[in-house]
Amino acid sequence: GKQFLRIVHKSFCQHRALIHRIFGQMADQFIEGGVQIKVDTQQANGPAVFTIDNDGSGAQRFAAAVAGKIGNMAFPILLLDGAEHIQGQIKELINVLCDQAEKGAGYVMPGYTHLQRAQPVTFGHQLMAYAWMLLRDLGRLQDATRRMDAECPLGSGALAGTTYPLDRFYTAEQLGFAAPCGNSIDGVSDRDFCIELCSAMATCMMHLSRLSEEIILWCSWEFKFIELDDAFTTGSSIMPQKKNPDVTELIRGKTGRVYGDLNTLLVMMKGIPLAYDKDMQEDKEAIFDAVDTLELCLRTVTPMLATMT
C-alpha cells in the first residue's frame with residue numbers, strides 16, 4: 001500500500017541515475033529491434049529477473065528490485081491478513097458461545113465420560129468448555145502472527161543479499177515489522193511461519209470438529225438436547241422427520257483436510273537444504289487452503305450456534 005510506495009520512492013530518489021542508465025540501455029536495444037524479454041520465475045521468494053536477448057547473442061540481466069520486493073512480501077502479508085481475520089471470527093464465535101452458555105446456565109443435563117452418563121452439569125458449563133478451547137486457539141494464532149511480523153525478509157535477495165544499497169531498517173519499519181531478518185539465507189528459506197500458523201489452525205479445526213460431534217449427538221432423537229435452525233440442516237423427501245446437521249458434518253469432514261495441509265508443509269520442508277528450493281512453491285496451495293477452510297467453517301458454525309435452541 002502507501003508504505004510500499006514510500007519505499008519505492010525513496011529507493012528511486014537515492015538511485016535515480018542508475019535506474020535511468022539501466023532503462024536507457026533497455027530502450028536503446030528496443031529501438032534497434034530484435035529484442036526479446038523473458039521473465040525468470042525460478043525464484044518465487046527472490047527478485048524477479050528479466051533477461052534481455054538481442055538477436056540471440058548474449059544476455060543482459062537486470063534484477064528488478066521493486067518486483068522482487070513485491071514477490072517477497074505478498075505471501076506473508078496475505079497470511080497476516082488471513083490470520084487476523086480468523087482471529088476476529090474466533091472472537092465472534094466465543095461471544096456466541098458465551099451468550100448461549102448464559103442462556104443455558106440453569107439447564108441441567110448429563111455430563112459424560114466414555115460417552116456414558118457420569119455427573120449432572122449445566123448446558124452453560126458444557127458450552128464454556130469450548131469457549132476455553134477457542135481462547136487457547138486465539139492465543140496460538142496471536143503468537144504465530146507475532147513471529148510473522150517480527151522480521152522482514154526484504155533485501156535478502158536470492159540468498160545473500162543484493163548489490164543495491166537498500167535501507168532494510170527503513171523497509172521493515174514502513175511495512176510494520178520489528179526489524180530486518182538477522183540472516184538472509186534463513187530469511188528466504190524460512191517457512192516456519194506457515195507451519196506454525198497451519199498448526200494453530202489445525203488445532204482450531206480439531207476443536208470445531210469436537211464441538212460439531214457434540215452438536216450432531218445433541219440434536220439426534222437419542223439425545224434431543226437442542227434443535228438447529230432449518231437453514232443449517234437438510235431434510236429428506238421420503239423421511240420428513242429427519243433434520244440432518246449438514247454444517248457440523250461438513251466441518252467434521254474438513255478437519256482432515258486441514259490436517260493434510262499441515263502434513264504437506266512438514267513433509268515439504270523436512271529434507272530441503274539451504275537456501276531456497278523449488279519444493280517451497282507447494283507451500284502456497286497448502287497454507288491458503290487451510291486458511292480458506294477454517295474461515296469457511298467459522299463463518300458457518302457461528303450463526304448456526306447463535307440460532308440454536
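All residue numbers refer to positions in the sequence shown, counting from 1. Values below: all heavy atoms of this structure, side chains included; hydrogens, waters and symmetry mates excluded. Since this is a predicted model, take the numbers as computed values, not measurements.
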May I have the list of side-chain donor-acceptor pairs in residues 294-301 shorter than 3.5 Å, sequence neighbours left out?
unit_1 : atom_1 : unit_2 : atom_2 : d
E295   : OE2    : H85    : ND1    : 3.0
T300   : OG1    : L296   : O      : 3.1
T300   : OG1    : C297   : O      : 3.0

Can you check whether [Y]'s main-chain N or O pairs, donor with acceptor, with [X]'s side chain at less than 3.5 Å?
X    : Y    : result
R168 : L154 : yes
T122 : H125 : yes
S209 : M205 : no
S199 : I195 : no

Could you pull out the closest heavy-atom pair between [X] and [Y], with the gap in Å?
X    : Y    : answer
W221 : Q241 : NE1-O, 3.9 Å
A275 : M280 : O-CE, 3.6 Å
P153 : C181 : CA-SG, 3.9 Å

Taking only residues two or more places apart in sequence, or in another chain, which ones meet [X] in a ring pair (Phe, Tyr, Trp, His ring centres under 6.0 Å)?
X    : result
Y112 : F223
F123 : W218
F193 : F75

Worksheet, complete the sentence: side-chain hydrogen bond (donor to acceptor under 3.5 Å, both in side chains) pairs touching residues 253-262, sequence neighbours excluded, are R257-D289

Tell me every residue that passes salt bridge (Lys or Arg N to Asp or Glu O under 4.0 Å) with [X], counting only those two or more places apart in sequence or in another chain.
X    : result
R147 : D143, E196
R252 : E213
K243 : E227, D230

With a 3.5 Å cut-off and sequence neighbours excluded, list the donor-acceptor pairs that the side chains of residues 93-107 form with protein atoms.
unit_1 : atom_1 : unit_2 : atom_2 : d
N95    : ND2    : K91    : O      : 3.3
Q100   : NE2    : L305   : O      : 2.6
Q100   : NE2    : M308   : O      : 3.1

Worksheet item: Who are the side chain to side chain donor-acceptor pair (under 3.5 Å) partners of D229, not counting sequence neighbours?
Response: none

Worksheet entry | side-chain contact (heavy atoms from CB on, under 4.5 Å) involving T162 - partner list, sequence neighbours excluded | Y164, L166

Discussion item. If the condition is side-chain contact (heavy atoms from CB on, under 4.5 Å), which residues does E84 pass it with, not counting sequence neighbours?
Written reply: D81

Discussion item. If only side-chain N and O atoms count, and only distance matters, is there a donor-acceptor pair under 3.5 Å linking D246 with T234?
Written reply: yes

